[in-house]
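Chain letters run A, B, ... following the sequence lines, proteins first and then strands; every chain starts at 1. All of these numbers come straight from a predicted model, not from anything done at the bench.
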2 protein chains.
Amino acid sequence: MQQSPVPPETPIYRRIADRLREAILSGELRDGDRLPGENALMAQHGIARATARQALSVLINEGLAVPKRGSGVYVRQFRPLRRHGSRRLSQERWGRGQAIWDSDTRGRPYTVDDMQIAREEAEEEIARVLDSAEVWVRRRRYSVDGRPVQMSVSYFPAALVEGTAVVREDTGPGGVYARLGDLGHAPAHFTEELRARMPHPHETVLLDLPAGTPVIVIMRTAYSANGIPVEVNEMILDSASYVLQYDFDA
Amino acid sequence: MQQSPVPPETPIYRRIADRLREAILSGELRDGDRLPGENALMAQHGIARATARQALSVLINEGLAVPKRGSGVYVRQFRPLRRHGSRRLSQERWGRGQAIWDSDTRGRPYTVDDMQIAREEAEEEIARVLDSAEVWVRRRRYSVDGRPVQMSVSYFPAALVEGTAVVREDTGPGGVYARLGDLGHAPAHFTEELRARMPHPHETVLLDLPAGTPVIVIMRTAYSANGIPVEVNEMILDSASYVLQYDFDA
DNA sequence: AAGTGGTCTAGACCACCTT
DNA sequence: AGGTGGTCTAGACCACTTC
């Protein structure tokens, strides 16, 4: 009924979480291994259910563990894809580049689902950047190995692409950028603005994100050679599925 | 003692959290505003303390709200700095670039604290990339307006920088990169590998991060003109304090 | 002094997964 | 059938902030 008279400096649930985190980060518990469950923690430490849950919730919110209903709590894995920002400048040019983080994009193709194309009134920021109140919008979701990894929304100035293949489902060989080129507005420069944050609920659903998984938000603006913005592309990435790489010269 | 016979499709705590999130994202509740507290939610919805707490914890773990002991739970703000990856290629070159996200780096200087310099045995990954088992390490933390925003650790091949100003506290005009230049190894190419994840506990402490705040991890490798890696710089950024910008050509 | 969030106990019913 | 995590109740003591 009464807890120990002098509360220990760090709360019980936190010390338990620390112990488990150590086991995970040290590799003692490996990817996919099962953590001690609520009942096990209650018995081992003589604590109440809520306290055991709180300990596990720490690791879950840190993205180190994933709960599976009716089964247990498991160590989470990190197997990223590699996304290249500026491919043309990539390491092949000066060779010898060594990657810090492994990734395994090899051979696994993207799948596109939920493609949607529509003409819309632009949100404030998009309208400002594209200098156009009306835009054509292409929405899609990318999956790898059947698991969603990215949502992407492209915006084009309506006047620029009206009636072209850019607003059709099948954009033809070379895709949207080739069509923009046909129009005399081939993308020549890119700006990517990037931030990370916790996902909103609809993003959690669409990307099937476990708790403790941030998203990376990329706002990419494409400019034609004469400096006209021709596309804004907003991407929401599952941070557990990606390593981003940017290469550039001094 | 008994809850309603047919449990509602979505749990109570989640519906409350949804309502509050809506209020935050719609701007009805603004930056720094106080959310209804545990007692208020208990009274308004006729629920137990733990349920009210659970509702608030959702928003806290989403990074939308910050709890303040003895005071209340408040709407969190996002006022990022802007970090430029490839400045030389930046938008000024072709003009007209419009930023999607506001940021206010203007005039606010970085402060460096906790500078540490040491000779160490390199971790496996660093040793592999730098092709050197022994490294000199420079650690420091950057703050803006007295609030920590970034931790940074630079690694140099020991043989390359031994006895030079690179391993001294004061690196002189132009800093470390200028000294590498003096040695005939001026950085000419950069690769940045970037990911986002929830912070580890020591990062939470050192960056003073509220719950629900991811970190952005950047591993930056600098190569000299002839392709030799001369520095690896690992940066841990508070994701709520940064927008990253990369500019490049097609 | 009163109110707030932080921690903890000891129960309960439920849906879900494994066996 | 039994174990697991998900939700919820009704209390308790505490440290801290605000007034």
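In this model, the phosphate group of dT9(C) is approached by a side-chain N or O of Thr51(A) to a distance below 4.0 Å at OP1 or OP2. Considering only side-chain N and O atoms, Tyr13(B) lies under 4.0 angstrom from the phosphate OP1 or OP2 of dT7(D).
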Please list, pair by pair, any protein nitrogen or oxygen found under 3.5 Å from a nitrogen or oxygen in nucleotides 1-5 of chain D.
residue	atom	partner	partner atom	Å
dG3(D)	N2	Gly70(A)	O	3.0
dT4(D)	OP2	Asn39(A)	ND2	2.4
dT4(D)	O2	Gly70(A)	N	3.4
dG5(D)	OP2	Glu38(A)	N	3.0
dG5(D)	N7	Arg49(A)	NH2	3.2

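With sequence neighbours excluded, the residues forming a side-chain contact (heavy atoms from CB on, under 4.5 Å) with Ser71(A) are Lys68(A), Tyr74(A), listed by chain and number. Every residue two or more places apart in sequence or in another chain was checked for a salt bridge (charged side-chain N to carboxylate O under 4.0 Å, His left out) with Arg147(A), and none qualifies. Arg197(A) is linked by a salt bridge (charged side-chain N to carboxylate O under 4.0 Å, His left out) to Glu203(A), counting only residues two or more places apart in sequence or in another chain. Pro67(B) meets the side-chain contact (heavy atoms from CB on, under 4.5 Å) test with Ile60(B), Val73(B); sequence neighbours excluded. Scanning for ring pair (Phe, Tyr, Trp, His ring centres under 6.0 Å) contacts around Tyr13(A) gives an empty result, with sequence neighbours left out.
The distance between atom CZ of Arg14(B) and atom P of dG6(D), rounded to the nearest whole Å, is 10 Å. Nucleotide dT9(C) holds its P atom 10 Å from the CD atom of Gln54(A), rounded to whole Å. His45(A) places its NE2 atom 12 Å from the P atom of dC8(C), with the value rounded to the nearest Å.
Here the CG atom belonging to Asp247(B) is positioned 4.0 Å from the OG1 atom belonging to Thr191(A), to the nearest 0.5 angstrom.
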